[in-house]
Amino acid sequence: MEYRNATLADFETAFVWIKQLWSYRTYDRSQTEAVYRRVLANPDSFFFFLEDQGICRGMCHGDYFDTFWMQGPTCYVSSLYVDPAFRGRGYGAALLYHAEQLARERDCRALILDSGLPRVEAHQFYEHIGFEKSCYGFEKTL
């Protein structure tokens, strides 16, 4: 397995997977690409792919920021996706392990993520690899 930082040339793959990750939303290609470009240019963000045998198996995106809650740097994983054809083979755990290593390199005090309430299987996976339920997430679209 190999971790590879995303590049502008990877946008098409990322866009297909982003649309699948949040399939209940509609995505404008140009707006999504603008966000993608900003993420890649931001030193407080990461976006990488996991490849195995030369095939892209999944992706992970997150951001680093300070929180009063953790009293220091925190890493938030906002996108985690494994190609459905390759789920259950350890790729999700490998992606999160790499995100954790990146967070440790930045002296982060926590690695956090959120997951939709209906995604019970995902919650079991997160707990299985050491995450704990810590809060409810809320959003307000502006």
Side-chain angles (χ1 to χ4, degrees), residues 1-52 55-142:
M1 283 190 285
E2 178 178 287
Y3 303 101
R4 182 177 58 75
N5 287 333
T7 67
L8 293 175
D10 295 312
F11 174 72
E12 291 305 323
T13 299
F15 186 55
V16 168
W17 287 354
I18 288 166
K19 290 188 300 183
Q20 290 177 23
L21 188 56
W22 295 287
S23 59
Y24 53 88
R25 299 188 69 95
T26 302
Y27 287 90
D28 177 85
R29 187 185 189 292
S30 63
Q31 288 179 350
T32 305
E33 185 173 7
V35 171
Y36 183 80
R37 288 176 177 275
R38 287 194 302 270
V39 165
L40 295 187
N42 185 346
D44 289 325
S45 293
F46 61 84
F47 197 125
F48 62 87
F49 291 94
L50 174 63
E51 294 181 344
D52 194 13
I55 300 171
C56 214
R57 309 293 190 183
M59 67 180 194
C60 185
H61 158 245
D63 297 285
Y64 308 106
F65 57 96
D66 276 316
T67 63
F68 294 110
W69 171 51
M70 293 307 299
Q71 297 183 324
T74 303
C75 179
Y76 175 70
V77 173
S78 58
S79 305
L80 177 72
Y81 184 84
V82 174
D83 185 323
F86 300 102
R87 291 185 183 158
R89 300 182 190 185
Y91 295 120
L95 286 162
L96 284 172
Y97 174 76
H98 188 62
E100 180 179 335
Q101 294 307 112
L102 294 174
R104 288 182 186 280
E105 290 172 12
R106 298 275 298 238
D107 293 322
C108 289
R109 295 177 176 244
L111 181 67
I112 59 174
L113 55 83
D114 55 40
S115 180
L117 291 172
R119 301 189 67 221
V120 175
E121 288 182 27
H123 304 165
Q124 292 170 348
F125 163 70
Y126 297 134
E127 289 178 335
H128 177 74
I129 62 171
F131 284 81
E132 297 176 3
K133 290 180 185 172
S134 62
C135 66
Y136 285 103
F138 298 90
E139 68 181 56
K140 183 176 184 178
T141 302
L142 304 177

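Source: prediction; values computed, not measured.
- Contact check for Leu102 versus Cys75: no side-chain heavy atoms found under the 4.5 Å cut-off.
- The stretch residues 33-46 participates, sequence neighbours left out, in these salt bridge (Lys or Arg N to Asp or Glu O under 4.0 Å) pairs: Arg29-Glu33, Glu33-Arg37, Asp44-Arg106.
- You'll find the side chain of Phe48 reaches within 4.5 Å of the side chain of His98, heavy atoms only.
- Contacts of Tyr126 classified as side chain to side chain donor-acceptor pair (under 3.5 Å), with partners at least two apart in sequence or in another chain: none.
- Classified by interplanar angle (parallel below 30°, tilted 30° to 60°, perpendicular above 60°), the ring pair Trp17/Phe49 is tilted.
- With a 4.5 Å cut-off on side-chain heavy atoms, Phe65 and Met70 do not count as touching.
- Put simply, the side chain of Thr74 reaches to within 4.5 Å of the side chain of Ile112, judged on heavy atoms.
- Taking both residues in full, the closest heavy atoms of Gly72 and Asp66 are given as C-OD1, 3.2 Å, listed atom of the first, atom of the second, then distance.
- A distance of 5.5 Å separates CZ of Arg25 from OG1 of Thr141, quoted to the nearest 0.5 Å.
- Ala94 and Leu50 make their closest contact through CB-CD2, 4.0 Å (heavy atoms, listed as atom of the first residue, atom of the second, distance).
- Rounded to the nearest 0.5 angstrom, Lys19 NZ and Tyr81 OH are separated by 11.5 Å.
- Looking only at side-chain heavy atoms (C-beta outward), Ser79 and Ile18 stay at 4.5 Å or farther from each other.
- Taking SG of Cys60 as the reference point, atom OH of Tyr97 lies at 14.0 Å (rounded to 0.5 Å).
- Contact of the Arg104 side chain with the Glu100 side chain is registered, since non-hydrogen atoms from C-beta on lie closer than 4.5 Å.
- Under 3.5 Å, the side chains of Tyr136 and Asp114 contain no donor-acceptor pair of N or O atoms.
- The minimum heavy-atom distance linking Asp107 with Pro73 is given by the pair O-CG, 3.7 Å.
- Closest of all the heavy-atom pairs between Glu127 and Lys133 is OE2-CE, 3.2 Å.
- Side chains of Phe131 and Leu96 form a contact here, defined as non-hydrogen atoms less than 4.5 Å apart.
- Counting heavy atoms from C-beta on, the side chains of Asp83 and Arg57 never come closer than 4.5 Å.
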- request: Evaluate the criterion side-chain contact (heavy atoms from CB on, under 4.5 Å) for residue pair His61 and Tyr76; output intermediate values, then yes/no.
  value: CA-CA 9 Å; His61 158 245; Tyr76 175 70; over 6 Å; no

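- Aromatic pair Tyr64/Phe46: centroids less than 6.0 angstrom apart.
- The aromatic rings of Tyr27 and Trp22 sit tilted, their planes meeting at an angle between 30° and 60°.
- Judged as a salt bridge (charged side-chain N to carboxylate O under 4.0 Å, His left out), and not counting sequence neighbours, the contacts of Asp10 are Arg4.
- Considering every non-hydrogen atom in both Glu51 and Cys56, the closest pair reads CG-CA, 4.0 Å.
- Taken to the nearest 0.5 Å, the CG atom of Leu40 stands 9.0 Å off from the CG atom of Asn5.
- Distance alone, capped at 3.5 Å, is enough to place a donor-acceptor pair between the His123 side chain and the Gly116 backbone.
- The aromatic rings of Phe47 and Tyr36 stand perpendicular to each other, their planes meeting at an angle above 60°, with 30° marking the opposite boundary.
- The two atoms that bring Gly92 and Leu80 nearest to each other are O-CD1, 4.4 Å, heavy atoms only.
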